[in-house]
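Inspection log for the structure reproduced underneath, given as structure tokens.
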Amino acid sequence: MKFVAVSSCPTGIAHTYMAAEALEQAGRAAGHEVVVETQGAAGSQPLDPAVIAAADGVIYAADLEVQGRDRFAGKPFVDVGVKKAVHDAPGVVAAAVAAVEAAPAAGSSASPTAAVATAAPATRQVGTGTRIRQYLMTGVSYMIPFVAAGGILIALGFMLASVAWAENGAIEVTGVDAAVLWTAFEWGNLQHWAVLLFQTGALAFGFLVPALSAYIAYAIADRPGIAPGFVGGSIAGLVGAGFLGGIATGFLAGFVALWLARRNVPKGGRGVMPVVVIPLVTTLVVGFATFLIIGPPMKAINDALTAWLNGLSGGALIPLGILLGLMMCFDLGGPVNKVAYVFATTGLINAAGDIGSTEARIMAAVMAAGMVPPLAIALATTLRPRIFTEAERESGKSAWLLGASFISEGAIPFAAADPVRMLPSFMLGGAVTGGLTMAVGSGLVAPHGGIWVTPLISLPLLFLLALAVGTVVSAFAVLFAKNIGRNPQEAVLDDAESLAALSGAR
Amino acid sequence: MPDAPLITPDLVAVDVVAADRDDVTRRLVDLLVAAGRVTDAEGFLADVRAREAQMATGMPGGIGLPHARSEHVTVPSLAVAKVPAGVDFGAPDGPATLVFLIAAPSGGDSDHLKILAALARRLVHESFRTSLHEAPDAGAVADIVTREVVPS
């Protein structure tokens, strides 16, 4: 038989470990496997969940409160105290064997023990999903400040620029070399202030995917995961893999670092493991994987989609608008989004400032669709604040400004925490807005700027209407999707976990 | 003394005659104080007594295992007394002839405490106890402990 055991004692230096050793020995002698978690002063290495799952029974040789007793829920157990395990380990193991044999086979619903036992596997499944969600939530919670600070500064930069330059401000501000700030800054020059806001915000925004990746890795592997996570996220940005790529590098960095941390190394080498060896090796592995494994398909996707879009550009405009809307919202700054956006902006060159051209109408549809996800999140958190966490509600407020400024990334905190529910909801709204914008015939000859370039949009009121309809559709889709696949109790539980993850992050 | 060995021959007393467990513990504490590993003999003794009062530390096989984590301890240490006539440590099978005093610093980091965990695990092995019973002198006892107690 297989047993797991927990040992602990008041001092945590002697009996905890004697009991562990005695139980392991006694188990071996009797032909059973006993794996002990020592909850002592030298720190406790938690039992592998797989080992717990495989165990037939549990031995509590603990004089202190057992930490994480719920992990063993439903398994037959003996509770003997630490002294008995030290003095008579063979007797304790025999008692544990008897307890397992006395427990009814799992599946027969006759006794309460069996009922608990059948409930146990479900609990474990939730455990894995919950843990992945906690990793994501940790990454997201550290990323949010970058999104908020960067996004709001960019938006304020646009706002100020539209005052400083008149109607083209949001375009002009992005074309100014940042070097002006440290070579020729004029205190009374509003344009320079606008550049300051925009450049600071843009740099802060550059940390978005690296921070997401780094703190997912941190949640998995603690500090040694941070450096490789940052590097992986940065490379994900470089190869155009977006935030989904950053999630992948975060998990990769975290699990590689964790695997390395669990290797047995000679005593002399332990000191350099967390500060040198683990970050070094993990960063190398993550760099290799991101450049050579994640990178090439991104390039292939980009090329294929671009060629495909170019082939479609002569066709009907409304389906093209729907398609571009779907693409803009598919990955919020990732490879697919980028293809649609670059397709629109490169077309602008041919538009030659003609606001009635097909190219200008494509640009309008792309920008409108890209504004939908953050606006939809902002609306959803306003309509039903109770189903969102405190942190999500705060993010939702700044998402109004980010969405209005065509900063699709404002929705990433929500998308990263729950991509399966959020991304399709965004895409639905994006498709509606993209198609409608084409239908009403709005055009735009600026590559970005959101509502700050309204003077450059033809038929601006219809443009805003198309945007509003898609936003409402998407917001309701978000609220609807939030309720799929979970009962209300679980949602509350999830929120509590999210809050715990977020407050732990602060 | 961050990397001091767990035990040195100075911390082993052979042929001890002791009236009771408090007496033998006091002698071992004095050895630790003399070696500079315990700063306050009375303070540390009080901590050990408090632990002993919670649950007797006698083990089957003639072992007494007084121990404490204490702010008066500077480095994880083991002091050993061989008491041929035996002294009661509350074990069910009779008096202890081999007494281990484990001293752990209260703020010790986990690397330091792992050596004590390894010691505790070795103590369960009868072969380890037998070799200590049979060790002829203080140097041999210290050698056996140093050789066999390696943190996993």
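Everything quoted here is computed from the prediction, not taken from an experiment. We name chains A, B, ... by the order of the sequence lines, and we start the count at 1 in each one.
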(request) Between chain B and each of Met18(A), Glu24(A), Glu21(A), Lys83(A), count heavy-atom pairs under 4.5 Å; write down the option with the most. (result)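 Highest number of heavy-atom pairs under 4.5 Å: Glu21(A).
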(request) Find the one option among Ile13(A), Thr16(A), Asp88(A) whose heavy-atom pairs under 4.5 Å with chain B are most numerous. (result)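 Winner by heavy-atom pair count: Ile13(A).
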(request) Measure the spacing between NE2 of His15(A) and NE2 of His67(B) and express it to the nearest 0.5 Å. (result)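 Here the rounded value is 6.0 Å.
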(request) Output the distance between atom OH (Tyr17(A)) and atom CG (Leu116(B)), rounded to the nearest 0.5 Å. (result)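 So the OH of Tyr17(A) and the CG of Leu116(B) are separated by 9.0 Å.
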(request) Quick one: closest heavy-atom pair of Gly58(B) and His87(A), and the distance? (result)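 That would be O-NE2, 3.3 Å.
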(message) So which atom in Ala120(B) and which in Ala14(A) form the shortest heavy-atom distance, rounded to 0.1 Å?
(response)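 The answer is CB-O, 3.3 Å.
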Above 12 or not: heavy atoms from other molecules or residues under 6.0 Å from [atom1] of [X]?
| X | atom1 | result |
| --- | --- | --- |
| Phe77(A) | CZ | no |
| Arg49(B) | CZ | yes |
| Arg263(A) | CZ | yes |
| Lys2(A) | NZ | no |
| Phe100(B) | CZ | yes |

(request) Against chain B, label Asp63(A) side chain, backbone, both or neither, depending on which of its atoms sit under 4.5 Å from a heavy atom there. (result)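 For Asp63(A), the contact with chain B is made by the side chain alone.
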(request) Let me know if Ala91(B) has heavy atoms under 4.5 Å from chain A in its side chain, its backbone, both or neither. (result)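 For Ala91(B), no heavy atom lies under 4.5 Å from chain A.
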